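Source: prediction; values computed, not measured. The first residue of the sequence shown is numbered 1, and numbering continues consecutively from there.
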Amino acid sequence: MKNVTVSNLSLVLAFALVLVSIAISAKEKLGLTKDILIRAIVQLVIIGFVLKFIFHIDTLWLTVVSINSVFIVFICSGLIGELSFLFKTDLSYLLAFIFHLIGTLALFSIMMFLNNWLINWQILFIFILAYAMIWLVIRLTQGRDIRRINQEA
């Protein structure tokens with residue numbers, strides 16, 4: 001397979017887009033500079049590892065399967081993100097949380113099934129642990145933002 005080389009210029013140009021969003025955040029005084037920088041770096045590193053893995057696969061069949069798996073993961077992840085609309089409805093927070101958890105688990109299971117990945121108790125434990133940690137961070141962040149907004153008012 002042909003080696004794919006990423007030049008320093010292409011990396012600088014990709015990071016320039018991050019700098020544009022940071023500049024907009026600073027100009028509009030949104031206070032998102034730190035969040036944008038952290039998320040951009042983490043996401044770019046993760047995507048870098050995924051792409052490195054895909055480009056180092058030697059056979060076409062495995063490349064197609066890997067790209068298909070990545071596509072399925074992206075679609076399911078996007079749909080899980082869309083489930084957050086439940087929190088903007090008239091449902092109680094607890095009910096919206098339960099429906100979101102069930103929907104997320106269903107989409108996660110579909111993703112695992114479509115990729116022929118094994119689902120066992122360890123995987124389910126990791127899923128529940130990751131879900132709980134993500135929601136803990138979201139609730140703490142929301143609480144911090146609410147306190148900041150209330151102090152400004």
Side-chain angles (χ1 to χ4, degrees), residues 6 10-55 57 62-153:
V6 178
S10 62
L11 290 174
V12 168
L13 292 175
F15 195 69
L17 296 174
V18 174
L19 295 177
V20 168
S21 62
I22 289 172
I24 292 170
S25 173
K27 181 182 180 292
E28 297 296 324
K29 297 179 180 144
L30 299 175
L32 299 174
T33 303
K34 181 178 162 187
D35 291 337
I36 291 171
L37 195 57
I38 291 171
R39 288 182 185 188
I41 289 172
V42 169
Q43 289 173 351
L44 289 174
V45 167
I46 290 171
I47 293 299
F49 281 119
V50 169
L51 291 176
K52 182 177 179 182
F53 171 76
I54 289 172
F55 287 135
I57 295 175
L62 282 176
T63 303
V64 171
V65 169
S66 295
I67 291 172
N68 186 41
S69 294
V70 169
F71 182 72
I72 290 169
V73 169
F74 284 158
I75 295 296
C76 288
S77 298
L79 291 173
I80 288 170
E82 290 299 317
L83 281 176
S84 63
F85 83 90
L86 291 168
F87 296 98
K88 296 178 182 175
T89 63
D90 292 334
L91 294 172
S92 70
Y93 187 83
L94 179 62
L95 200 54
F97 178 80
I98 291 169
F99 286 151
H100 188 273
L101 175 61
I102 291 169
T104 302
L105 183 59
L107 286 166
F108 176 77
S109 300
I110 290 168
M111 176 193 69
M112 297 292 283
F113 175 76
L114 290 175
N115 285 316
N116 295 318
W117 294 339
L118 177 66
I119 299 177
N120 57 27
W121 292 108
Q122 293 168 331
I123 298 295
L124 290 176
F125 176 75
I126 291 169
F127 169 82
I128 298 295
L129 184 64
Y131 189 89
M133 288 182 354
I134 290 167
W135 276 108
L136 177 64
V137 169
I138 287 173
R139 289 299 286 178
L140 291 173
T141 304
Q142 286 176 341
R144 181 195 66 198
D145 292 343
I146 289 169
R147 284 190 299 279
R148 182 179 50 88
I149 290 169
N150 285 337
Q151 288 175 352
E152 291 175 358

- Task: Tell me, with the steps shown, if Leu124 and Leu105 meet side-chain contact (heavy atoms from CB on, under 4.5 Å).
- Result: CA-CA 9 Å; Leu124 290 176; Leu105 183 59; 4.1 Å; yes

- How far does CD1 of Ile126 sit from CG of Asn120, to the nearest 0.5 angstrom? 8.0 Å

- Query: What's the spacing between Ser84 OG and Leu86 CG if we round to 0.5 Å?
  - Reply: 8.0 Å

- Task: Kindly indicate, with the supporting measurements, whether the criterion side-chain contact (heavy atoms from CB on, under 4.5 Å) is fulfilled by Leu83 and Thr104.
- Result: CA-CA 8 Å; Leu83 281 176; Thr104 302; 3.9 Å; yes

- Item | Residues forming a side chain to side chain donor-acceptor pair (under 3.5 Å) with Trp135, sequence neighbours excluded | Tyr131

- Query: Which residues pass the salt bridge (charged side-chain N to carboxylate O under 4.0 Å, His left out) test with Glu152, sequence neighbours left out?
  - Reply: Arg148

- Message: Using every non-hydrogen atom in the two residues, find where Thr89 and Phe85 come nearest and quote the distance to one decimal.
- Response: CG2-O, 3.5 Å

- Query: Do you know which two heavy atoms are closest between Met111 and Cys76, and how far apart they sit?
  - Reply: CB-SG, 3.6 Å

- Message: What's the separation between atom CG in Asn150 and atom CG in Asp145, rounded to the nearest 0.5 Å?
- Response: 11.0 Å

- About how many Å separate CD1 of Ile110 and CG of Asn115, when rounded to the nearest 0.5 Å? 12.0 Å

- Supply the atom-to-atom distance Ile128 CD1 to Phe125 CZ, rounded to the nearest 0.5 angstrom. 9.5 Å

- Distance, nearest 0.5 Å, that separates CG of Leu19 from OG of Ser21: 7.5 Å

- Kindly determine whether Ile123 and Phe127 satisfy side-chain contact (heavy atoms from CB on, under 4.5 Å), including the steps that lead there. CA-CA 6 Å; Ile123 298 295; Phe127 169 82; 5.5 Å; no

- Is there side-chain contact between Trp117 and Val73, with at least one heavy-atom pair below 4.5 Å? yes

- Note on the structure: Residues at least two apart in sequence or cross-chain that pass ring pair (Phe, Tyr, Trp, His ring centres under 6.0 Å) with Tyr93, listed by chain then number, are Phe87

- Find out whether Val137 and Met133 are in side-chain contact, i.e. whether some heavy atom of one side chain is under 4.5 Å from a heavy atom of the other. no

- Crowded around Gln142 CD? As in, over 12 foreign heavy atoms under 6.0 Å? yes

